[in-house]
Amino acid sequence: MSEQQYDHLSIEPKWQSVWDSSPDLYKASVEDSRPKYFVVEMLPYPSGKLHMGHVRNYSIGDTLARYMWMRGYNVLHPMGWDAFGLPAENAALKSGRPPRDWTVSNIATMKGQLKRLGFSYDWDREISTCEPDYYRWNQWFFLRMYEKGLAYRKNSRVNWCTICATVLANEQVVNGCCWRHETTPVIQKEIEQWFFRITQYADELVDGLKDLDPGWPERVRAMQENWIGRSDGTEVDFRLEGTNEPIRVFTTRVDTIFGASCVILAPEHPLTAGLTAAEQQAELKRILEDQSRKDPAEIEKEGFFTGHYAVNPYSGEKVPVWVGNFVLANYGTGAIMAVPAHDERDFEFCSKYGIPIVPVIRPVDGVLPEVATEAFTEYGIAEKAGQFSGLPSAEAREKMSHFAEQNDFGKATITYRLRDWGVSRQRYWGTPIPIIHCEKCGVVPVPDDQLPVVLPDSVNITGEGRSPLESVPEFINVACPRCGSAARRESDTMDTFVDSSWYFYRYCDPKNEQRPFDPAVAKHWFPMDQYIGGITHAILHLLYSRYWTKVMRDIGLIENNEPAANLFTQGMVLGTDGTAMSKSKGNVVDPDLMVQKYGADTCRLFTLFAAPPDRDMEWNESSVEGQFRFLNRVYRFITRNINVEREGTSQGGRQALRKLHQTIGKVTGDFDNRWHFNTSIAALMELLNELTSLEEKIPGDITQQVISAYVKLLAPFAPFISQELWELMSGSGQILRQDWPVTDPALAAEDELEVPVQINGKVRSRVVVPIGTSREDLEKAALAEEKIRVALEGKQV
RNA sequence: GCCCGGGUGGCGAAAUCGGCAGACGCAACGGACUUAAAAUCCGUUUUCCAGCAAUGGGAGUGCGGGUUCAAGUCCCGCCCCGGGCACCA
């Protein structure tokens with residue numbers, strides 16, 4: 001066969017249509033005897049079109065999935081749609097198009113794009129979270145959590161985005177603004193909300209991170225640990241002088257308590273209002289208002305003395321009770337003891353108001369200062385601490401906590417930064433919360449056999465701050481399942497992060513109508529062997545799904561403690577200006593245009609070649625053309641060598657075989673160890689360079705064995721061209737079904753080696769010796785070199 | 001402030017366990033083919049000095065020290081960039 005030109009526009013649609021009509025090609029089965037491999041890429045939100053970040057994410061996952069198929073694994077590689085969410089409602093407001101229509105048509109568009117890119121998904125397992133057969137299980141889980149006390153309702157101050165007109169979870173507030181409207185400050189609003197008790201699992205969520213080492217990136221584990229914010233400390237009661245009422249404070253430094261010079265209450269602390277003198281009520285009101293209005297970082301510390309005193313239970317000393325705007329009501333106990341000599345914030349506050357500053361911790365190799373000019377916040381030795389004087393901080397903390405417990409005025413305790421997950425949303429396009437409010441019975445859960453509570457289709461979206469569902473009488477008005485009298489449905493919907501917290505479990509049994517999934521099937525597939533997605537989900541989605549897994553385990557559905565054994569977070573795709581692609585900056589690259597111009601293979605190859613997959617990469621069209629040229633060269637090279645049938649015994653043939661086996665080793669190693677696909681592709685380029693130059697030297701000595709292995713090595717990265725070449729070569733079959741080439745170390749070994757000769761770390765010369773040369777012979781060879789004798793001092797290989 | 005990343009040619013990057021720094025690609029320049037262009041192919045390309053040349057010599061992986069026969073890689077002390085958390089007591 002003579003050389004042919006590469007035409008992606010005919011090759012790619014052809015194979016896409018073949019693959020589309022091959023029902024079993026990407027199918028995984030529980031009955032399969034081969035080892036399982038479950039790889040999931042984070043499912044997209046159907047916003048309209050794929051962006052390059054998706055292409056990169058899915059190219060990484062697909063390359064891996066194809067490699068694992070060829071390695072003989074039973075690969076489960078599914079895809080779905082995170083289909084509920086606000087943009088659908090915004091689109092409805094803008095264009096009048098119902099959220100469902102908008103979403104469904106976006107899904108159709110994006111599914112077409114995924115197919116054009118050649119991703120190997122088993123579409124029979126496709127899920128879409130906005131369909132009742134999916135979200136009914138959100139409702140089912142909600143009811144199970146309600147039964148276990150893990151879902152509860154409370155009146156609370158919540159984050160409210162004025163643009164979204166809905167409540168936001170703490171995780172959705174970024175720099176005091178909505179995560180979707182980054183310049184609009186979130187305000188605080190008091191509302192009845194449903195919460196999931198994620199704090200009940202706080203300990204396990206922290207401790208479990210250890211088991212995810214090294215499967216999950218250090219960065220993600222650190223961020224989660226940070227977010228949960230576990231801190232070990234002590235709770236201590238200071239008693240109010242007169243009434244003897246306890247004011248409980250939380251501290252991580254009970255060893256400094258002999259230096260406590262006041263107790264400070266949060267403005268919202270339950271005792272604050274009662275203790276505040278009449279003339280200071282106005283002051284308190286102003287502080288409270290400032291707090292809900294201003295950015296916390298900009299508020300200066302301020303407060304006032306209540307006129308009351310409390311007693312330090314360790315020293316018996318009487319200290320004033322203050323109210324301070326910097327004390328957080330919802331952390332710890334909402335009250336602190338101020339130890340200005342050993343805490344920077346307390347130092348600032350007490351200096352401002354002339355409250356005494358008493359050092360009680362000295363540096364291990366220093367003395368206790370008379371006067372503190374700044375806060376000494378490190379550990380040291382406790383002084384002026386009665387029976388605890390002379391103890392190092394750590395030991396003092398332990399002994400003093402124990403003392404509090406024995407004397408019944410406190411205890412060692414653990415506090416978390418993590419808050420319960422607020423899941424109510426005053427929006428339409430989400431999972432209805434399966435609860436009915438009855439005047440007689442109160443909160444009544446919808447019985448299981450009445451699930452799903454179906455989201456009605458024709459609803460007027462107003463964008464105003466009330467759930468649109470309230471204006472749908474046939475939805476809202478319902479008979480109480482318990483007493484039968486007229487009642488109202490809950491009109492809020494669930495946070496969309498609920499949808500994505502367990503979706504990957506549904507993949508393994510997507511059509512189950514009795515349960516979310518069959519536990520036996522989930523047991524076969526879980527935990528996921530590999531989960532791949534953006535670092536942006538390091539906290540939100542990944543923390544929620546870890547929580548959900550633990551809840552499902554405690555319900556008895558699964559046995560695994562964590563959803564994914566391995567997590568990979570890929571870097572972002574940046575525009576040519578080095579910043580994130582965004583419509584407003586006009587640096588967005590459309591995958592469709594790239595696929596049309598260069599083909600899916602080129603597009604995939606570039607996203608893998610431009611940088612290691614965990615790092616950010618910049619889009620660069622010249623560099624894309626480089627990948628396109630490479631595929632052209634591959635195509636021409638293989639097609640012109642396709643009929644060659646030689647043993648390859650010449651020097652050139654052996655050299656080709658050696659380079660081939662080195663490349664197999666290199667590419668396989670990249671897959672198995674570190675996923676630096678950029679170097680895998682570079683190795684394939686090197687191999688092609690070597691083969692083309694050998695081809696000129698010894699025409700016709702490129703063997704079948706070499707070209708067929710070449711095409712197999714390329715297949716996970718560029719599936720269309722590889723399949724086409726495979727067909728031209730063998731006449732039939734799917735390259736995905738071929739075995740991955742195995743490297744033969746004997747063939748890969750060089751028989752001569754150029755050894756650099758270094759003297760004092762500088763390369764002075766090189767000697768070429770046969771492989772296996774002894775050390776003595778090597779030295780002899782080196783010494784025979786003129787330059788070496790001249791420069792000789794010490795030497796090493 | 002605390003916790004993670006990262007810093008290597010004109011650019012993206014490579015060097016996986018301390019052993020030839022810059023693989024592979026882009027861009028640029030020179031050449032072949034062509035009436036011409038595109039495509040393709042060949043060559044040069046870290047930098048400085050010497051030489052007509054083959055070549056030889058020096059410097060070089062953010063900065064300053066250290067360990068080692070040998071450091072982009074390990075240790076100590078800094079600087080800069082990106083990300084996360086942050087009155088969390």
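Below, read A as the first sequence line, B as the second, and so on, with proteins coming before strands; counting in each chain starts at 1. Because the structure is a prediction, the values reported are computed rather than measured. What you see below is based on every heavy atom in this structure, not just the backbone, and it leaves out hydrogens, waters and symmetry mates.
Residues satisfying the side-chain contact (heavy atoms from CB on, under 4.5 Å) test with A/Ser401, not counting sequence neighbours, are A/Thr234, A/Val254, A/Ala412. Scored by the side-chain contact (heavy atoms from CB on, under 4.5 Å) test, A/Ala656 finds A/Leu691, A/Leu694 as partners (sequence neighbours excluded).
Note on A/Lys666 versus A/Glu686: no salt bridge recorded, every NZ/NE/NH1/NH2 to OD/OE distance being 4.0 Å or above. The residues A/Arg253 and A/Asp343 are annotated as not salt-bridged, no charged nitrogen and carboxylate oxygen being separated by less than 4.0 angstrom.
Classified by interplanar angle (parallel below 30°, tilted 30° to 60°, perpendicular above 60°), the ring pair A/Phe677/A/Phe671 is tilted. Between A/Tyr635 and A/Tyr6, the two ring planes are tilted [angle within 30° to 60°]. A perpendicular orientation is assigned to the rings of A/Trp421 and A/Tyr547, their planes being inclined by more than 60° (bins at 30° and 60°). Relative ring orientation between A/Phe349 and A/Phe326 is described as tilted, the plane-to-plane angle lying within the 30° to 60° band.
Counting only residues at least two apart or on different chains, the side-chain hydrogen bond (donor to acceptor under 3.5 Å, both in side chains) pairs with a member in residues 324-338 of chain A are A/Ser231-A/Tyr331.
Rounded to whole Å, the distance from CD on A/Glu302 to C1' on B/C87 is 13 Å. Summarising the geometry, the separation between CZ on A/Phe606 and C1' on B/G25 is reported as 10 Å, rounded to the nearest angstrom. Computed from coordinates, the A/Leu542 CG to B/G84 C1' distance equals 14 Å when rounded to whole Å. Protein atom CD of A/Glu348 is 19 Å distant from nucleotide atom P of B/A86, rounded to whole Å. Between the C1' atom of B/U40 and the CD atom of A/Glu695 lies a distance of 14 Å, rounded to the nearest Å. Taking atom CD of residue A/Glu344 and atom C1' of nucleotide B/A89, one finds them 12 Å apart after rounding to whole Å. Regarding A/Leu574, its CG atom lies at a distance of 13 Å from the P atom of B/G82, rounded to whole Å.
Of the candidate nucleotides B/C3, B/A86, B/A89, B/A86 has the atom lying nearest to any side-chain atom of A/Arg417. In the set B/C4, B/A89, B/C85, the nucleotide with an atom closest to the side chain of A/Glu218 is B/C4. Considering only the side chain of A/Met685, B/C24 comes nearest among B/C3, B/C24, B/C87. The side chain of A/Gln627 lies closest to B/G25 when the candidates are B/A89, B/G25, B/C24. Listed nucleotides B/C24, B/C85, B/A89 differ in distance to A/Glu686; the shortest reach to its side chain belongs to B/C24.
Residues A/Phe606 and A/Phe628 place their aromatic rings such that the two centres sit no closer than 6.0 Å.
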Using a cut-off of under 3.5 Å, enumerate the N/O to N/O pairs linking the protein to nucleotides 27-33 of chain B.
unit_1, atom_1, unit_2, atom_2, d
B/A27, OP2, A/Arg629, NH2, 3.2

Show the distances under 3.5 angstrom between N or O atoms of the protein and N or O atoms of nucleotides 7-16 of chain B.
unit_1, atom_1, unit_2, atom_2, d
B/G12, O2', A/Ala610, O, 2.6
B/A13, O3', A/Asn678, ND2, 3.4
B/A14, OP1, A/Asn678, ND2, 2.8
B/A14, OP2, A/Arg615, NH2, 3.0
B/A15, OP1, A/Arg674, NH1, 2.8
B/A15, OP1, A/Arg674, NH2, 2.5
B/U16, O4, A/Lys666, NZ, 2.2

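B/U46 and B/A13 are spaced 14 Å apart, taking the C1' atom of each and rounding to whole Å. Nucleotides B/G18 and B/A32 have their P atoms positioned 49 Å apart, rounded to a whole Å. Annotation: B/A15 and B/U73 have their C1' atoms spaced 9 Å apart (nearest Å). Separation of the P atoms belonging to B/G62 and B/A14 is 14 Å when rounded to the nearest angstrom. Atom C1' of B/A28 sits at a distance of 16 Å from the matching atom of B/G12, rounded to the whole Å.
The shortest distance between the side-chain N/O atoms of A/Arg219 and the OP1/OP2 oxygens of B/G6 is not below 4.0 Å. Under 4.0 angstrom from either OP1 or OP2 of B/U40 there lies no side-chain N or O belonging to A/Arg633.
With a glycosidic angle further than 90° from 0, B/G25 counts as anti. Applying the 90° criterion around 0 to the glycosidic angle, B/C69 comes out anti.
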Stepwise side-chain contact (heavy atoms from CB on, under 4.5 Å) check, A/Ile287 with A/Glu302: CA-CA 8 Å; A/Ile287 288 177; A/Glu302 57 175 342; 4.0 Å; yes

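Projected onto RNA chain B by closest heavy-atom contact, A/Ala682 and A/Met223 fall at different nucleotides, the more 5' of which corresponds to A/Ala682.
With A/Trp322 as the partner, the ring pair (Phe, Tyr, Trp, His ring centres under 6.0 Å) test is satisfied by one option alone out of A/Phe238, A/Phe304, A/Tyr353: A/Tyr353.
Counting only Watson-Crick or G-U wobble pairs whose defining distances are both under 3.5 Å, the stems of 3 or more consecutive pairs in RNA chain B are B:1-7 with B:79-85, B:10-12 with B:24-26, B:28-32 with B:40-44, B:46-50 with B:55-59, B:62-66 with B:74-78.
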